[in-house]
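Remember, it's 1-based here, ligands and their atoms both numbered in the order they're listed. Counting begins at 1 with the first residue of the sequence.
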Amino acid sequence: MSVLPILIFPDARLRRKCAPVKEVNSSVRRLADDMIETMYAAPGIGLAAPQVGKLIRLFVMDRTEGEEDDPVSEVLINPEVISVSDETVTREEGCLSLPGHFEDITRPAGVRVKYTGLDECEHVQTLEGVQAVCVQHEIDHLNGKLFIDHLSLVKRSIISRKMRKQKKELLKNEKSGNV
Ligand code: GNR
Ligand code: NI
């Protein structure tokens, strides 16, 4: 397994609509393994394939509950939201592709999601709490949408401008060999 580089906003690949996974083959399994390692290394609670430059409909998420010793993760392939609750919840969200930026986002509190698992079977799950938020955040990524798109234009513009500056600095530092 290996830790993959995470794309940083702005990057055109984070704005593309991803293609369905046709077959759960060995390269898909390998990618999912690497994404799980990358998510925990970051650390994050979810990671979508486009964030590592793979424009396919797959994401991984942390499913660890309470006092479990070992982390529990899940791979969701071709996920679809079947229904959402009328009740909404506002939670502070962040994104590994927009490091350092956190904003309150309002979304449905619960979701029913259908997906293919690594077992190649179709699964349906109803999620609430942070996992419901995470699933919606990750499915947004597969449609080229980011959490800042849920903010007002003014807030989004401020974060976009800061990220463009931040990324410029990052690339400059990488070039001069400081990291
Ligand atoms: O690690 C993450 N934390 C998080 C917190 C609140 C709402 C969504 C998330 S997902 C994020 C990792 C990430 O960028 N996934 O795409
Ligand atoms: Ni994200």
Side-chain angles (χ1 to χ4, degrees), residues 1-21 28 31-66 68 70-81 84-85 87-113 115 125-152 155-156 158-160 162-164 166-167 170:
M1 299 218 290
S2 44
V3 173
L4 307 170
I6 295 174
L7 301 185
I8 301 299
F9 177 94
D11 189 303
R13 289 166 287 182
L14 294 172
R15 289 311 199 175
R16 297 271 301 275
K17 186 175 164 70
C18 297
V21 174
V28 167
L31 172 68
D33 265 4
D34 289 346
M35 284 175 61
I36 290 166
E37 189 176 351
T38 305
M39 171 180 73
Y40 286 124
I45 60 168
L47 185 70
Q51 292 182 277
V52 294
K54 300 279 184 268
L55 302 180
I56 58 169
R57 305 188 75 80
L58 177 158
F59 70 86
V60 299
M61 71 183 287
D62 181 50
R63 298 297 308 264
T64 313
E65 310 253 6
E68 276 163 321
D70 297 317
V72 179
S73 58
E74 188 165 14
V75 180
L76 292 86
I77 299 165
N78 299 333
E80 279 175 55
V81 173
V84 298
S85 62
E87 189 199 339
T88 60
V89 68
T90 301
R91 206 177 252 277
E92 188 176 75
E93 296 195 23
C95 182
L96 295 171
S97 296
L98 291 103
H101 296 278
F102 303 90
E103 295 290 335
D104 282 348
I105 306 290
T106 302
R107 299 184 186 266
V111 289
R112 207 165 156 72
V113 63
Y115 59 94
Q125 278 200 45
T126 306
L127 298 166
E128 290 176 337
V130 66
Q131 298 195 332
V133 172
C134 187
V135 161
Q136 293 174 77
H137 176 114
E138 303 311 338
I139 292 177
D140 274 353
H141 273 300
L142 306 183
N143 294 321
K145 189 165 177 170
L146 302 169
F147 81 97
I148 54 170
D149 300 337
H150 292 272
L151 300 170
S152 68
K155 281 192 178 177
R156 180 159 74 248
I158 293 169
I159 295 176
S160 291
K162 286 184 179 164
M163 279 303 310
R164 287 196 296 270
Q166 221 172 293
K167 194 173 178 182
L170 194 86

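Just one of K162, M163, R156 meets the side chain to side chain contact (heavy atoms under 4.5 Å, CB included) condition when paired with S160; it is R156. Each of D140, D104, T106 was compared with H150 under the side-chain hydrogen bond (donor to acceptor under 3.5 Å, both in side chains) criterion, and only D140 meets it. Here the options are E37, E74, E138, M39, the test is side chain to side chain contact (heavy atoms under 4.5 Å, CB included), and the partner is V60; only M39 passes.
A pairwise comparison of heavy atoms in V135 and M61 identifies CG2-SD, 3.6 Å as the closest pair. Across every non-hydrogen atom of T64 and P71, the tightest pair is OG1-CA, 3.4 Å.
Each protein N/O/S atom under 2.8 Å from the Ni ion (ligand 2) was counted, for a total of 3.
Using a heavy-atom distance under 4.0 Å as the criterion, the protein contacts of ligand 1 are G44, I45, G46, Q51, E92, E93, G94, C95, L96, V133, H137, E138, H141.
Side chain to side chain, H101 and Q166 meet the donor-acceptor criterion of an N or O pair below 3.5 Å.
The pair D149-R15 counts as a salt bridge, with a side-chain nitrogen and a carboxylate oxygen less than 4.0 angstrom apart. Using a 4.0 Å cut-off between a side-chain N of Lys or Arg and a carboxylate O of Asp or Glu, D34 and K54 do not qualify as a salt bridge.
Within a 6.0 Å radius of CD in E87, no more than 12 heavy atoms belonging to other residues, nucleotides or ligands are found.
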